[in-house]
Amino acid sequence: MRIGELARRTAVSERLLRYYEEQGLLRPARLPSGYRVYAESDVDQVRRIRTLLSAGLPTTLIAQVLPCVREDGGRLVPCAGLVADLSRERARIDARIDDLAASRRVLDAVITAGETEPYDIAPPRDRPADRRANPTR
DNA sequence: TTTCTAACA
DNA sequence: TGTTAGGA
């Protein structure tokens, strides 16, 4: 089917369908004319895209997750391999957060030490305001 | 009539 | 995302 029919059947605008392709979420074939040709399965695929998008997932992640997700009565069930990969990625993120937190503790110690030095005359002009996300911590 | 790309609002 | 221009 061409883009017009898919748009009608999914209630998603042609503009959006082209955008999804641009984001790597859909890969329609092309006619010699350049017209996009979608498969029947793309109707469900578009519904899945809408589901993931409304769940707040960025299109870049959806492009990776989509080819590895099956639908079970309205529920999205990721395949085992994907979960394993995402879990690994999550672990890597946790490790980096720990490293960054350690770095922050070191910096805080230095900053605190500097602030206890006498500066009662006039605050240094080049000292930037406290831009930490949570200054109380 | 339908679709295409590109670009602006 | 919607819309529009200019083509095929």
Side-chain angles (χ1 to χ4, degrees):
Chain A
M1 79 191 86
R2 288 184 308 205
I3 197 169
E5 186 182 344
L6 183 61
R8 281 192 299 278
R9 296 223 272 162
T10 60
V12 171
S13 70
E14 299 179 9
R15 172 73 170 79
L16 222 36
L17 291 175
R18 295 192 185 102
Y19 175 68
Y20 291 162
E21 177 183 10
E22 200 177 294
Q23 299 304 301
L25 274 32
L26 250 28
R27 347 229 15 129
R30 293 284 187 145
L31 255 28
S33 58
Y35 287 13
R36 275 164 265 250
V37 178
Y38 296 91
E40 270 299 316
S41 58
D42 284 332
V43 175
D44 284 328
Q45 189 78 328
V46 170
R47 293 193 176 120
R48 275 178 226 123
I49 291 172
R50 299 297 290 185
T51 298
L52 294 172
L53 236 30
S54 65
L57 291 181
T59 56
T60 53
L61 182 58
I62 293 177
Q64 298 176 53
V65 172
L66 214 51
C68 196
V69 169
R70 77 190 160 81
E71 204 159 354
D72 176 28
R75 295 243 179 243
L76 290 176
V77 183
C79 61
L82 176 65
V83 171
D85 286 347
L86 294 180
S87 293
R88 255 194 236 151
E89 185 54 37
R90 206 202 115 88
R92 271 193 283 276
I93 291 173
D94 279 345
R96 288 172 59 195
I97 288 175
D98 288 344
D99 287 346
L100 288 171
S103 294
R104 184 174 61 184
R105 282 193 292 278
V106 172
L107 294 182
D108 278 348
V110 174
I111 290 169
T112 299
E115 284 176 344
T116 59
E117 293 302 317
Y119 68 98
D120 56 315
I121 301 175
R125 274 201 132 192
D126 60 342
R127 186 153 63 86
D130 189 358
R131 297 202 194 299
R132 282 176 294 163
N134 188 346
T136 62
R137 191 175 296 179

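Proteins get letters first, then strands, A, B, ... in listed order; numbering begins at 1 in each. Values below: every heavy atom of this structure, side chains too, minus hydrogens, waters and symmetry copies.
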Colleague: What are the 5'-most and 3'-most nucleotides of DNA chain B lying under 4.0 Å from any heavy atom of chain A?
Modeller: B:dT2 to B:dA7

Colleague: Starting at CD of A:Gln45, measure out to CG of A:Leu6 and round the result to the nearest 0.5 Å.
Modeller: 10.5 Å

Colleague: Could you say whether A:Arg15 or A:Ile3 is positioned toward the 5' end of DNA chain B, judged by the nucleotide with the nearest heavy atom to each?
Modeller: A:Ile3

Colleague: Could you tell me whether A:Arg18 and A:Glu14 have a side-chain N and a carboxylate O separated by less than 4.0 Å?
Modeller: yes

Colleague: A:Arg18 near the nucleic acid: base, sugar-phosphate alone, or nothing, with a heavy-atom cut-off under 4.0 Å?
Modeller: base

Colleague: Show the nearest heavy-atom pair for residues A:Ala63 and A:Gly24, with the distance to one decimal.
Modeller: CB-O, 4.0 Å

Colleague: Looking at A:Arg105 and A:Asp108, is there a salt bridge between them, counting it only when a charged N and a carboxylate O are closer than 4.0 Å?
Modeller: no

Colleague: Might you point out which heavy atoms bring A:Leu25 and A:Thr59 nearest each other, and give the distance in Å?
Modeller: CD1-O, 3.4 Å

Colleague: Please report the shortest heavy-atom distance between A:Tyr20 and A:Leu53, naming the atom on each side.
Modeller: OH-CD2, 3.6 Å

Colleague: Which of these, A:Arg27, A:Arg36, A:Arg15, sits in a salt bridge (charged side-chain N to carboxylate O under 4.0 Å, His left out) with A:Glu21?
Modeller: A:Arg36

Colleague: Tell me if a side-chain donor or acceptor on A:Asp42 pairs with a main-chain N or O of A:Ala39 at a distance below 3.5 Å.
Modeller: yes

Colleague: Counting only non-hydrogen atoms, which of residues 25-35 of chain A are less than 4.0 Å from DNA chain B?
Modeller: A:Arg30, A:Gly34, A:Tyr35

Colleague: Is the closest side-chain heavy-atom distance between A:Leu26 and A:Ile49 below 4.5 Å?
Modeller: yes

Colleague: Does B:dT2 have a Watson-Crick or wobble partner in any strand here, with both distances under 3.5 angstrom, and which is it?
Modeller: C:dA8

Colleague: Counting neighbours of CZ on A:Arg30 that are heavy atoms of other residues, nucleotides or ligands and sit closer than 6.0 Å, is the number greater than 12?
Modeller: yes

Colleague: Contacts to DNA chain B from residues 6-13 of chain A, heavy-atom cutoff under 4.0 Å, which residues?
Modeller: none

